[in-house]
Amino acid sequence: MIYTLCYVSKAAENLDASSLEEIFSITINKNTKRGISGILMYGMGNFFQVLEGEEQTVETLYKEQILKDPRHSDIFEVIRKPTEIPIFKEYSSLFTIVKTNEQLAQIKKYLNQHRVDSSTSEKLGRLLKPFLLEI
C-alpha cells in the first residue's frame with residue numbers, strides 16, 4: 001500500500017530565485033532516489049507538496065527533514081494516510097517540480113481526469129486554486 005502525505009507551508013521571506021532552484025533541485029533528486037513520487041509547487045510565498053511512497057520513508061522524510069527545515073513555516077497537513085491508488089500514479093514515476101503555468105495546468109487536468117476518491121480530489125482541487133490564479 002502507498003502512503004500519501006500532502007501539506008502546504010509558508011516560505012521563508014528571505015528565499016530568492018536561486019534558493020528556490022536549489023530547493024527544487026535537491027528535492028527532485030533526493031525524492032526520486034528514495035522512491036518517492038509526487039509534486040512540489042511554489043506560488044504566492046507558499047509551498048504545496050504531495051509525497052507518495054513507502055510509509056516509513058515518507059514519514060521519516062517529513063519528520064526528520066521537512067518539519068525541521070527553516071526555509072518554511074506554518075506547515076498545514078492536508079492529507080496523511082495510506083492509499084490503495086496513489087494520486088500521481090499515472091502522472092510520473094519520478095518526483096515532479098511544477099515551475100510553469102503549463103505544468104500547473106497539466107496537473108489540474110490530470111487531477112480532473114484521475115480522481116482517486118472524491119474527498120482527496122476535492123481537497124487537492126481547492127488547494128490548487130490559488131496557484132491556478134497565476135495562470
Side-chain angles (χ1 to χ4, degrees):
M1 186 168 288
I2 297 294
Y3 191 76
T4 299
L5 194 147
C6 171
Y7 71 88
V8 178
S9 64
K10 182 177 181 196
E13 291 183 19
N14 62 345
L15 288 182
D16 58 13
S18 174
S19 298
L20 287 170
E21 285 299 321
E22 180 183 353
I23 290 169
F24 291 155
S25 176
I26 290 170
T27 299
I28 197 165
N29 289 329
K30 287 189 174 184
N31 286 352
T32 300
K33 286 179 185 175
R34 290 179 176 124
I36 295 175
S37 60
I39 61 169
L40 173 62
M41 290 189 262
Y42 172 81
M44 298 182 299
N46 296 296
F47 289 108
F48 173 85
Q49 183 160 223
V50 176
L51 302 165
E52 295 182 307
E54 192 275 319
E55 182 174 356
Q56 185 174 355
T57 304
V58 171
E59 281 292 331
T60 298
L61 170 65
Y62 186 65
K63 291 175 184 173
E64 294 181 6
Q65 293 180 14
I66 293 171
L67 289 176
K68 295 177 182 180
D69 192 331
R71 298 174 293 186
H72 68 151
S73 62
D74 302 328
I75 299 169
F76 177 76
E77 293 174 19
V78 180
I79 300 166
R80 191 176 186 178
K81 66 180 184 177
T83 183
E84 299 219 5
I85 303 170
I87 298 165
F88 292 98
K89 179 183 180 202
E90 302 296 326
Y91 189 75
S92 173
S93 60
L94 302 176
F95 195 84
T96 302
I97 301 295
V98 179
K99 295 183 185 180
T100 67
N101 290 339
E102 292 79 20
Q103 290 170 317
L104 188 55
Q106 288 173 353
I107 293 284
K108 173 77 171 167
K109 182 179 177 182
Y110 171 83
L111 288 173
N112 284 333
Q113 292 173 343
H114 296 87
R115 293 183 180 269
V116 177
D117 66 51
S118 60
S119 66
T120 300
S121 294
E122 287 173 19
K123 281 182 187 179
L124 290 176
R126 285 193 307 268
L127 284 169
L128 284 174
K129 281 186 182 180
F131 291 92
L132 294 171
L133 292 175
E134 295 185 0
I135 292 179

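- Qualifying side-chain contact (heavy atoms from CB on, under 4.5 Å) partners for Gln56, counting only residues two or more places apart in sequence or in other chains: Glu54, Thr60.
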- Where do Ile66 and Phe47 land on the side-chain contact (heavy atoms from CB on, under 4.5 Å) test, with the steps shown first? CA-CA 11 Å; Ile66 293 171; Phe47 289 108; over 6 Å; no

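- With rounding to the nearest 0.5 Å, the separation of CG in Leu5 from CD in Glu59 is 6.0 Å.
- At a threshold of 4.5 Å between side-chain heavy atoms, the hydrophobic network of Ile, Leu, Val, Met, Phe, Trp and Tyr places Tyr62 and Ile2 in two separate groups.
- The number of heavy atoms from other shown groups lying within 6.0 Å of CD (Gln65) is above 12.
- Asn31 is not listed as a side-chain neighbour of Leu40, based on a closest heavy-atom distance of 4.5 Å or more.
- Between the CD1 atom of Ile28 and the CD1 atom of Ile36 there is a distance of 13.0 Å, given to the nearest 0.5 Å.
- Counting only residues at least two apart or in different chains, salt bridge (charged side-chain N to carboxylate O under 4.0 Å, His left out) contacts with residues 3-32 comprise Glu21-Lys99.
- Under the salt bridge (Lys or Arg N to Asp or Glu O under 4.0 Å) criterion, Lys68 pairs with no residue, sequence neighbours left out.
- Atom CD1 of Ile75 is separated from atom OG of Ser73 by 7.5 Å, given to the nearest 0.5 angstrom.
- Of all heavy-atom pairs spanning Glu52 and Val58, the tightest one is C-CG2, 4.1 Å.
- The distance from the CZ atom of Phe48 to the OH atom of Tyr7 is 10.5 Å, given to the nearest 0.5 Å.
- Nearest heavy atoms, Cys6 versus Val50: SG-CG2, 3.8 Å.
- Residues forming a side-chain contact (heavy atoms from CB on, under 4.5 Å) with Asp69 (at least two apart in sequence, or on another chain): Arg71, His72.
- Pro82 pairs by the side-chain contact (heavy atoms from CB on, under 4.5 Å) definition with Met1, Tyr3, not counting sequence neighbours.
- Annotation: salt bridge (Lys or Arg N to Asp or Glu O under 4.0 Å) contacts of Glu77 (sequence neighbours excluded): Arg80.
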